[in-house]
Amino acid sequence: MIELEIPGRGSLQLQHLVSDVNGTLAVDGRLLDGLARRIRALKDRLDIHLLTADTHGQQAGIDAQLGLQAVRIRPGHESAQKADYVKRLGPECVVAIGQGANDAAMLKEAALGICVLSQEGVAVETLLAADLLLPDIFAALDLFDHPLRMLASLRK
């Protein structure tokens, strides 16, 4: 768990990291280089959950690289499915990361929503639903190693 008291916002007690896969962790169905090690390093602090529509049909390989089992999102109402997943975990202890339009509701539902810039682009609605915008997934994951960065950006 990662705990942080943010002036003007209150306490964050993050237990779950829920992430989109394609566009966020992977591009064209390929996991970004160096990301497997970074995600494995977080497993002692956060429960990692991957949500994917498996657009490129490569999720089984990504799962093997990460040592995780992604949850497949069914076609249709993808945004609602992702938000419902966060609700089932208890949104008050979830940080969600994404960049596509179907990630917006998930980011808004979570205690902390992070939008990351991607080679696929960023949906404006997702940007507006996020608490933070980071230049890439690596910078987003750095926040969990340096949580005072979150405090600096989120304090009111």
Side-chain angles (χ1 to χ4, degrees), residues 1-2 12 14-145 147 149-150 153-154:
M1 180 178 288
I2 295 172
L12 280 179
L14 304 173
Q15 181 180 352
H16 302 281
L17 177 124
V18 178
S19 181
D20 170 58
V21 177
N22 285 298
T24 302
L25 305 178
V27 174
D28 300 327
R30 295 183 51 208
L31 188 68
L32 296 170
D33 289 337
L35 199 53
R37 179 184 55 79
R38 296 292 304 278
I39 290 176
R40 281 193 298 270
L42 284 175
K43 287 182 180 180
D44 66 335
R45 290 172 280 163
L46 295 167
D47 296 327
I48 312 293
H49 307 261
L50 306 179
L51 304 180
T52 185
D54 200 10
T55 304
H56 298 280
Q58 301 296 316
Q59 190 60 46
I62 292 171
D63 286 351
Q65 287 177 284
L66 296 176
L68 296 168
Q69 179 79 38
V71 173
R72 295 331 194 257
I73 301 300
R74 298 176 314 279
H77 307 289
E78 294 171 16
S79 183
Q81 291 176 65
K82 289 182 173 187
D84 287 345
Y85 188 90
V86 169
K87 286 177 190 174
R88 286 192 303 273
L89 291 174
E92 67 281 353
C93 61
V94 173
V95 54
I97 303 177
Q99 48 63 245
N102 67 5
D103 299 323
M106 169 178 80
L107 269 59
K108 191 156 194 71
E109 189 67 40
L112 180 63
I114 300 174
C115 181
V116 294
L117 299 177
S118 165
Q119 291 178 346
E120 290 185 4
V122 170
V124 172
E125 66 186 289
T126 305
L127 172 62
L128 295 174
D131 297 298
L132 292 171
L133 171 66
L134 277 292
D136 56 42
I137 187 61
F138 295 98
L141 297 179
D142 283 347
L143 292 176
F144 306 114
D145 292 330
R149 292 179 185 175
M150 287 185 270
S153 293
L154 295 172

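In what follows, residues are counted from 1 in the order of the sequence shown. All values below come from the heavy atoms of this structure, side chains included, with hydrogens, waters and symmetry mates left out.
With rounding to the nearest 0.5 angstrom, the CG atom of L42 is 10.5 Å from the CZ atom of R37. Distance OG1/T126 to CD1/I114: 13.5 Å, rounded to 0.5 Å. In this structure, the separation between CG on N22 and CD1 on I62 is 5.5 Å, given to the nearest 0.5 Å. Atom-to-atom distance recorded for E92:CD and K87:NZ is 13.0 Å, nearest 0.5 angstrom. Taking CZ from R40 and CG from L35, the interatomic distance works out to 9.5 Å, rounded to the nearest 0.5 Å. S79 contributes atom OG, which lies 9.5 Å from atom CG of L107 (distance to the nearest 0.5 angstrom).
Contact annotation: the side chain of K43 approaches that of L68 to within less than 4.5 Å [non-hydrogen atoms, C-beta and beyond]. Looking at heavy atoms from C-beta onward, L17 lies out of side-chain contact with I39 at the 4.5 angstrom threshold. No side-chain heavy atom of Q15 sits under 4.5 Å from any side-chain heavy atom of L46. Using a 4.5 Å heavy-atom cutoff, the side chains of Q59 and L50 are in contact. The shortest distance between side-chain heavy atoms of L154 and L112 falls below 4.5 Å. With a 4.5 Å cut-off on side-chain heavy atoms, R88 and V94 do not count as touching. You'll find the side chain of L12 stays beyond 4.5 Å of the side chain of I2, heavy atoms only. Taking 4.5 Å as the limit, every side-chain heavy atom of Y85 sits out of range of all side-chain heavy atoms of M106.
Residues passing the side-chain contact (heavy atoms from CB on, under 4.5 Å) test with A41: none are found, sequence neighbours excluded.
With Q99 contributing its side chain and G121 its backbone, the two residues share a donor-acceptor pair below 3.5 Å. A donor-acceptor pair is defined here as one N or O able to donate and one able to accept, closer than 3.5 Å; such a pair exists between the side chain of Q81 and the backbone of G76. Without hydrogens or angle criteria, D136 side chain to A140 main chain gives no donor-acceptor distance under 3.5 Å. The main-chain N or O of G23 is found under 3.5 Å from a side-chain atom of S118 such that the two form a donor-acceptor pair. At least one donor-acceptor pair under 3.5 Å links the side chain of D131 to the backbone N or O of G113.
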Candidate pair D145 and R45, rule side chain to side chain contact (heavy atoms under 4.5 Å, CB included), full reasoning: CA-CA 10 Å; D145 292 330; R45 290 172 280 163; 3.0 Å; yes
Evaluation steps, side chain to side chain contact (heavy atoms under 4.5 Å, CB included), between L31 and L25: CA-CA 6 Å; L31 188 68; L25 305 178; 4.1 Å; yes
Residue pair D142, R38: steps toward the side chain to side chain contact (heavy atoms under 4.5 Å, CB included) verdict: CA-CA 9 Å; D142 283 347; R38 296 292 304 278; 2.5 Å; yes
Side chain to side chain contact (heavy atoms under 4.5 Å, CB included) between I97 and L134, worked out: CA-CA 10 Å; I97 303 177; L134 277 292; over 6 Å; no
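Scanning both residues, M150 and L143, for their nearest heavy atoms gives CE-O, 3.5 Å.
Annotation for R72: atom CZ counts as buried by contact number, over 12 foreign heavy atoms lying within 6.0 Å.
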